[in-house]
Amino acid sequence: MISKQTSAKASLAAFFLTAVFFCSWAEAKMSEGELKEYCSAFLSRAINDNPEQEKRIRECLGGMIKRGGSGIRLLDRFGLFYYDCKKHGVRMNRIRFYSSGGVFAFFIVMDETKDAQIYNLFIEFEMDGSRGGCSLKEIYFSMVFEEKMKGIREFFESK
């Protein structure tokens, strides 16, 4: 039987995922300058957490996500994502970047400012080098329960 707390956290995760990925598409009530600030904040965070990968991060975030005859820079999409997170009281704690050939991924650890619930987002893209475009390959989102995280850490740290 699922406890009320677990059910509430699952509902919150579903709301968060929906809000983060769909609200930013529907509305972005911000100026171009504000978007630039959020893009810069995301880029700075990604580079600060992965300084040895700066050139590749800039290259990948400069890619375009294309739909039909239009597109949006991936960095702008992450700027909107960063804005939406802040709007919903979610803080980005760590961004890890991985790249191999034409595939790259961001692993983002976030938490809620009100209760410190931890979330993980893994998002992978594939770059089309000939056109400068990129497309979403894989996305995974999960909540991490503090108790479970401690147990896993202890398991891997034990000898």
Side-chain angles (χ1 to χ4, degrees), residues 1-54 56-58 60-63 65 67 72-99 103-126 134-158:
M1 183 173 180
I2 299 174
S3 72
K4 287 183 182 181
Q5 183 180 17
T6 303
S7 178
K9 287 183 179 184
S11 296
L12 180 62
F15 165 76
F16 173 74
L17 188 59
T18 301
V20 167
F21 294 106
F22 297 110
C23 290
S24 65
W25 292 0
E27 64 174 307
K29 296 177 183 175
M30 71 173 79
S31 69
E32 196 171 317
E34 287 175 307
L35 175 60
K36 192 173 182 175
E37 287 177 29
Y38 283 104
C39 291
S40 178
F42 181 84
L43 179 62
S44 293
R45 184 61 195 241
I47 290 171
N48 287 341
D49 288 348
N50 305 274
E52 68 287 350
Q53 301 260 10
E54 179 176 357
R56 184 70 176 142
I57 290 169
R58 288 182 184 279
C60 292
L61 288 175
I65 299 174
R67 282 210 184 121
I72 183 172
R73 267 185 339 151
L74 186 57
L75 180 56
D76 292 338
R77 175 61 72 195
F78 275 108
L80 290 170
F81 175 71
Y82 193 69
Y83 163 78
D84 208 48
C85 284
K86 283 196 154 285
K87 188 170 109 178
H88 289 97
V90 176
R91 179 175 47 211
M92 288 189 197
N93 294 326
R94 185 115 172 114
I95 300 172
R96 296 301 300 162
F97 174 79
Y98 303 94
S99 172
V103 176
F104 62 96
F106 291 93
F107 182 79
I108 305 170
V109 179
M110 303 168 281
D111 70 6
E112 283 189 86
T113 53
K114 64 181 176 193
D115 70 359
Q117 177 60 51
I118 298 172
Y119 302 95
N120 290 324
L121 172 66
F122 173 83
I123 187 161
E124 183 180 53
F125 295 90
E126 186 165 27
C134 58
S135 57
L136 180 65
K137 261 189 87 161
E138 188 69 45
I139 189 165
Y140 175 77
F141 174 79
S142 73
M143 287 191 336
V144 178
F145 296 100
E146 191 69 30
E147 324 67 70
K148 187 71 172 166
M149 195 167 68
K150 286 178 186 174
I152 292 170
R153 179 181 304 274
E154 288 172 4
F155 174 80
F156 282 101
E157 288 178 341
S158 66

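What you find for A46 and I57 is that their closest heavy atoms are O-CD1, 3.6 Å. What you find for M92 and C85 is that their closest heavy atoms are CE-SG, 4.1 Å. Scanning both residues, D49 and I95, for their nearest heavy atoms gives OD2-N, 2.8 Å. K137 and V103 get closest at one heavy-atom pair: NZ-CG2, 4.1 Å. Taking each heavy atom of D76 and R73 in turn, the nearest pair found is OD1-NH2, 2.8 Å. For L74 against C134, the heavy-atom pair with the smallest separation is CD2-SG, 4.1 Å.
S99 places no side-chain N or O within 3.5 Å of a backbone atom of F104 that could act as its donor or acceptor partner.
For D111, the side chain to side chain donor-acceptor pair (under 3.5 Å) criterion is met by R91, N93, not counting sequence neighbours. In this structure, K36 has no side-chain contact (heavy atoms from CB on, under 4.5 Å) partners at least two apart in sequence or on a different chain. Residues forming a salt bridge (charged side-chain N to carboxylate O under 4.0 Å, His left out) with R96 (at least two apart in sequence, or on another chain): none.
Note that NE2 of H88 is 10.0 Å distant from NZ of K114, once rounded to the nearest 0.5 Å. Interatomic distance, SG of C39 versus CD of E32, reported as 10.0 Å (0.5 Å rounding). Within the model, atoms CD1 of I139 and CD of E124 stand 11.0 Å from one another, a figure rounded to the nearest 0.5 Å. Considering CG of L43 and OH of Y82, their distance stands at 11.5 Å, rounded to 0.5 Å. Distance check, rounded to the nearest 0.5 Å: OG1 of T113 to NZ of K86 gives 9.0 Å.
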Full working for side chain to side chain contact (heavy atoms under 4.5 Å, CB included) between L136 and I65:
CA-CA 8 Å; L136 180 65; I65 299 174; over 6 Å; no

Can F81 and I123 be said to form a side chain to side chain contact (heavy atoms under 4.5 Å, CB included), step by step?
CA-CA 12 Å; F81 175 71; I123 187 161; over 6 Å; no

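Judged purely by distance below 3.5 Å, without hydrogens or angles, the side chains of E112 and Y119 pair a donor atom with an acceptor atom.
Looking at heavy atoms from C-beta onward, L80 lies out of side-chain contact with Y38 at the 4.5 angstrom threshold.
By the 6.0 Å contact criterion, CD on E52 is enclosed, its count of non-hydrogen atoms from other residues, nucleotides or ligands being greater than 12.
Between F97 and the choices I108, I47, N50, the side-chain contact (heavy atoms from CB on, under 4.5 Å) rule is met once, by N50.
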